[in-house]
Amino acid sequence: MEKRTLIIYTVITLIGFIFAVMSGYSQEDVTNVEDSAFEKKMRPAVPFLHDKHNETAGIDECNTCHHVYEDGKENEDDSSEEQECSECHTINKGDNSMALVKIYHLQCKGCHQKKKAGPIMCSECHPR
Amino acid sequence: MAMHNFSTWDWETGKKLVVDTTKWKDMFNWIEEPYASPDGERIAVVVKTGDMEFSVCENNTPWQNTFDKIWYLKFGSDNRLTALVSDMGAWTVAVDGVAWENTFDFVWNTKFGADGKNITVAAQKDMEYFAVTNDIPWETRFSDLSNLTISHDGKRVAGVVPTVMIKQGDIFKFQEGCYSAVVNGKPWDANFVNLWGLAFSHDSEHVAAEVRTSLYDYTIAVDGVLWDKVYSSVWMPQFSPANGSVTAPVRIAGKWTLAQDGKLFWDRSFDQLWHHMYSTDGKKIAAIVATKYGRWTIAVNGIPWSLTFGDLVTDAVFSPDGNRIACIGKEDGKWTIAVDGRAWGEKYDMVWQPVFSPDSRKVAAKVERNGQYTTVIDGKPLKKSYKALWNPVFSPDSKKILIKGIEGDPDGGKYFRLVLPVNDITG
Amino acid sequence: MAEPAIKRSDESSKIVDEGIDKGIARLTPEKIEQVINKVLAAETGARLKTYVETCVHCGLCSEACHYYLSHDNDPKFSPAGKVKQTIWEILKRKGKVDPEFIRDASRIASTECNLCRRCAMYCPFGIDIAYLMSVVRRLCHMLGVTQLYIQDTAHSHSATLNQMWVKEDEWIDTLFWQEEEAQDEISSLRIPIEKEGSEIFYSVIAPEPKFRAQLIYQAAVIMNAAGVDFTMPATPGWDNSDQCMFTGDYEMMGRLKKVHFETAMRLKVKRIVMGECGHAFRSVYDVGNRWLAWKMPPIPVTHAVEFYYELLKQGKIKIAKKYDKPVTFQDPCNIIRGKGLHEKARYVVDALCEEFIEMHPNREHNYCCCAGGGVINTGPQYKMKRIKGNRIKAEQLFATKTRGAKVIIAPCHNCHGGIEDILHHYGLDMELHFLGDIIYKVMEKPV
Amino acid sequence: MHDIYNFVSGPLVWVSFVIFFGGSLYRLISMAVLARKKDVFVYEYMSLKFGLRSILHWIIPFGTVKWRKNPLFTIVTFTFHVCIIFIPIFLSAHIILWKESWDISWWYISDTTVDILAVVVIASCIFFLVRRIVLPEVKYLTSVSDYVILAIVAAPFITGFWTYHQWAGFRVMGIIHIIAGEIMLASIPFTRLIHMIFFPFTRGYMGSEFGAIRHAKDW
């Protein structure tokens, strides 16, 4: 690699870093809604500031979102934050990934709709 | 109807050889198509007897007179034979070989009264047009004559003539009405844009016609007097034999129905309605109708048969007692006869107008299949077929039928007159 | 943005036509509105509506039209352009148009469209622009606005049941005359008149006895040589032509077709064979019969081209020596787009002629002669209009001539009229013949 | 925003589908009834075989003389028409909405492909627009309504493209996109966009007359 190229890469990385820091997001809080079941992403993953979101939405209990259902009934004493959604919401073979997309959408968008708060349109969550 | 008296014909059962037409070939080198007389006793044909010299050979004998042109052989119902003949360019009518005294520049369209006594032709002389009945020309002449029509008794003759001179291309004058009907040489007082189908009343006194009074208004005129209604089109009118009223198919809002004296007569309309006809007593009217687009049948007093044909229906005829109707129907290119709403099972390449027996119980028709002709009675065919055949005639007692035909092989070319008991055929 | 629909054309005012001028003079806006709305309500329906609403104004039909191509792609002459200037506007204004509008509409529908139906093959939706133009003609007829010459033929049709004021005796006399003439050549020749039960009723258009009697002569020679059992009637009904179909006088059109077919029924023939005429075929095959509720012709109709094909294929006519000049073939709209006779026509041409050179485009895509659809019948005033309106035909013929063709065969009377004028005006030195002319020339004749 | 979004993506969708399907059905049935009454020929001469034969030739690119004579137009119009039908149906973003609401879904095209196709559609619309302005024979036939119709068709694609790329004001544009789609759908039965519904019938009828009666090709 040529020197000049190296310099340019370094500068770009630095600027990017500074920008990230200045944006006010704490490093460890910046996360995306990910699920290993999404082999190929149709849209970019949804950036999700976990703590900030819960703070704004006033969510205290983990299982408000990370729910656990047993025999079709919600177990209100348990929560599932260690699991990926797709572990329970299994996708049948042959089904397209819309089924999994749907449960994610219902989880986020559904709640936003209910509370009349938060993003509900495609590009509000899936950034370019 | 005052028909000729056919009870005087030979109704003896049997087969009679009238003439071996193959002999004609030895006699003449020009032989046209033959015509048989109604009683079947004679068969006539135009032949060439010399260079530009024609005659008519009846049975085995040519007429004594020859002409430089002969055409339109026609037998009257009284079995007299007429022909239109020209001698040195002068045209006239020859009846049984004898030419009328008057000659013309042209004659055509021979017509007979029902009894055959009165013979009328259209004639032109010095570019003037008129009719001639029994060698007596009309005194009045016209610049044209069409739609020659004669009354049942043959005594009165009507036609359509121009009554106002118009230059070709004067479309506006034409639209003012330059035509009228003429009866025995006397035109109606009124002029019309057009006139077509003329009909005489049964007493021969009155004439009705389809007329167009502008480019758009069609109606019926009776003795020159218009119905007070106009239609977008009309077809030929008919007089009722019962009360002298006039009926005609009329087109209203794209559909056809029957009107009487300018008022609606049938309460339903059809995609087409034409050739209506009365039973002898005038109580029934039948017409050829299309009940829907492309489906043809007969309607009696406005009620159509359930049987319909796709190609056409034609040549409808009432039985003498007025209770039955027969017609020709064609479906998918094949022809048949239908009687009272039921079709004969067999189909043919061609059929001729069916004939009822005088007692109205039987129907016979000439039919063609593979170039051979035969007669079918009530759906049952004669065993023999012919290479030429004429319409059958029932005997006055309806028990026998007269067949006139030229046989093919093995008797090739022999013209026979056959009288058969009807039961022999119908079983 | 949008072009005004009505541009007063000075073209129509240049042509003096008494039929139009007097017709227009008798109109009032009230009468126009009343007649138009009455006719549209009574006689038009789903087709008119669907066609007008489906047209997406794409202009793809333009290059189908010989008028458009011949007028340097002037959009006023495009098929949809003509619809825009007439029926769209009439519908948009609900019939509230003035007499001058009707003058233009009549000019467009009757002298700038041959109803050739080529555009139906260029419109992706298959919109029947010929039908729309026919509706305009029908409206003009109902308003009493028709070109004098064609109206006169319509009157002739009504008075004599033929197109040319031929009287009953004149018709028969012509047959006698042609028979006599032909007997000088073939002594046994006969034109059988009123021969009931014949196989074939040979029907012609009135211009044949009037102006082109030799065609009857030739047909008689062909019929006799082929041993065909035919007849011709001595009554009205012998004429198969129908200008009333083109003026929009449908009631009269129906009457003419009724007489024609009933003559065939009366003569007990198996079928009608007709001479080399296009428009008459259209009128007996799928227009006139329909008005009468006959779904198909009640007695089958065979066009001359198809008939010649049969005679040659069955060996009923033998060719003595093939025609040696290189020929090309004009596909007439009404029997090609109207009956698909193009391959049979080529079979006939190949059987008769040494060398055949196609013109391009051809078959269904051939350009109209610009005389058909009643246009030539509108009269001599419109002759230059026809000639200028078909420069493309002259170019097409010229290109064919360059490739060697010396003779044009056109089995249609209108094609003859139109092409004759074009050949003359554009100085194309080519011969023009009917198929019958060629057959007559090259066939083996009896003595 | 929630209320507006919910309104345009809820009741308005229903309304537009009802107008589209109901309207199209109404137009078809009323035309069929009118034809039965006034244009009996359409029924009498319609032939399934020849109707389909003609339709087939016309829906295949370069299947007709006309298509072959105007290759550019043919390519554009076919791509355009295929795209405007396929994109809305096989776009994943649309399908997920179906999935969420009705739990139904089907095969979809990748967003990248759609992105390209949307550009094609928009370019086609520009092509049609330019054609209307530049070509005299098209300009002559063009009225204001033709531009409006073109705009109606182009709008959902432009707005969709905009929203997808999240350009300025994409939230509002998203709403507009939904409304634009609904307008397009709803206007099909009542504008010349009805050609989509009537095409099989007009072409089929002409194909039948040409094929079954006149024994000729109409392409």
Listed partners of D:Ser24 passing side chain to side chain contact (heavy atoms under 4.5 Å, CB included), at least two apart =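 D:Ser24 satisfies side chain to side chain contact (heavy atoms under 4.5 Å, CB included) with D:Phe20, D:Pro189, D:Ile197 only.
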
query = Taking only residues two or more places apart in sequence or in another chain, which ones pass side chain to side chain contact (heavy atoms under 4.5 Å, CB included) with D:Val114?
reply =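 Result, side chain to side chain contact (heavy atoms under 4.5 Å, CB included) vs D:Val114: D:Ile87, D:Leu91, D:Ile109.
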
When you compare the side chain of [Y] with that of [X], does any pair of heavy atoms fall below 4.5 Å?
| X | Y | value |
| --- | --- | --- |
| C:Pro75 | D:Lys139 | no |
| C:Trp88 | D:Leu141 | yes |
| D:Trp67 | C:Pro124 | yes |
| D:Asn70 | C:Glu63 | yes |
| C:Tyr122 | D:Val65 | yes |

request  = Spell out the residues in residues 40-51 of chain D that have some non-hydrogen atom less than 4.5 Å away from a non-hydrogen atom of chain C, in order of number; otherwise answer 'none'.
outcome  =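 Under the 4.5 Å heavy-atom cut-off, D:Phe41, D:Val42, D:Glu44, D:Tyr45 qualify.
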
ask   = When only heavy atoms count and the cut-off is under 4.5 Å, which of residues 201-219 of chain D reach chain C?
value =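 Residues in range: D:Thr202, D:Arg203, D:Tyr205, D:Met206, D:Glu209, D:Phe210, D:Ile213, D:Arg214, D:His215, D:Ala216, D:Lys217, D:Asp218, D:Trp219.
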
Pairwise distance [atom1]([X]) to [atom2]([Y]) - rounded to 0.5 angstrom:
| X | Y | atom1 | atom2 | value |
| --- | --- | --- | --- | --- |
| C:Cys55 | D:Phe198 | SG | CZ | 13.5 Å |
| C:Leu60 | D:Thr77 | CG | OG1 | 7.5 Å |
| D:Lys66 | C:Cys61 | NZ | SG | 8.0 Å |

ask   = Can you tell which of C:Lys49, C:Arg363, C:His342, C:Met296 has the highest number of heavy-atom pairs within less than 4.5 Å of chain D?
value =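 That would be C:Lys49.
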
Chain C contacts, top residue of D:Met196, D:Glu137, D:Arg192 (heavy-atom pairs, under 4.5 Å) =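 So the answer, after comparing D:Met196, D:Glu137, D:Arg192, is D:Arg192.
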
query = Any idea which of D:Asp146, D:Ile59, D:Ile194, D:Val33 has the most non-hydrogen atom pairs under 4.5 angstrom with chain C?
reply =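 Of the candidates given, the most pairs with chain C belong to D:Asp146.
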
request  = Measure D:Lys69 against the heavy atoms of chain C and call it side chain, backbone, both or neither at under 4.5 Å.
outcome  =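 Side chain only.
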
message = Is D:Arg36 close to chain C through its backbone or its side chain, or both, or neither, when contacts mean heavy atoms under 4.5 Å?
response =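 When you check distances to chain C, no heavy atom of D:Arg36 falls under 4.5 Å.
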
key: side-chain contact (heavy atoms from CB on, under 4.5 Å) evaluation trace for D:Arg132 with C:His57   = CA-CA 9 Å; D:Arg132 282 215 181 281; C:His57 307 175; 3.8 Å; yes

ask   = What's the shortest heavy-atom distance between C:Leu40 and D:Lys38, and which atoms?
value =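 Nearest heavy atoms, C:Leu40 then D:Lys38: O-NZ, 4.5 Å.
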
inquiry  = To check you understand the geometry: which heavy-atom pair defines the closest contact between D:His195 and C:Val56, and what is its length?
reply    =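 The answer is ND1-CG1, 2.9 Å.
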
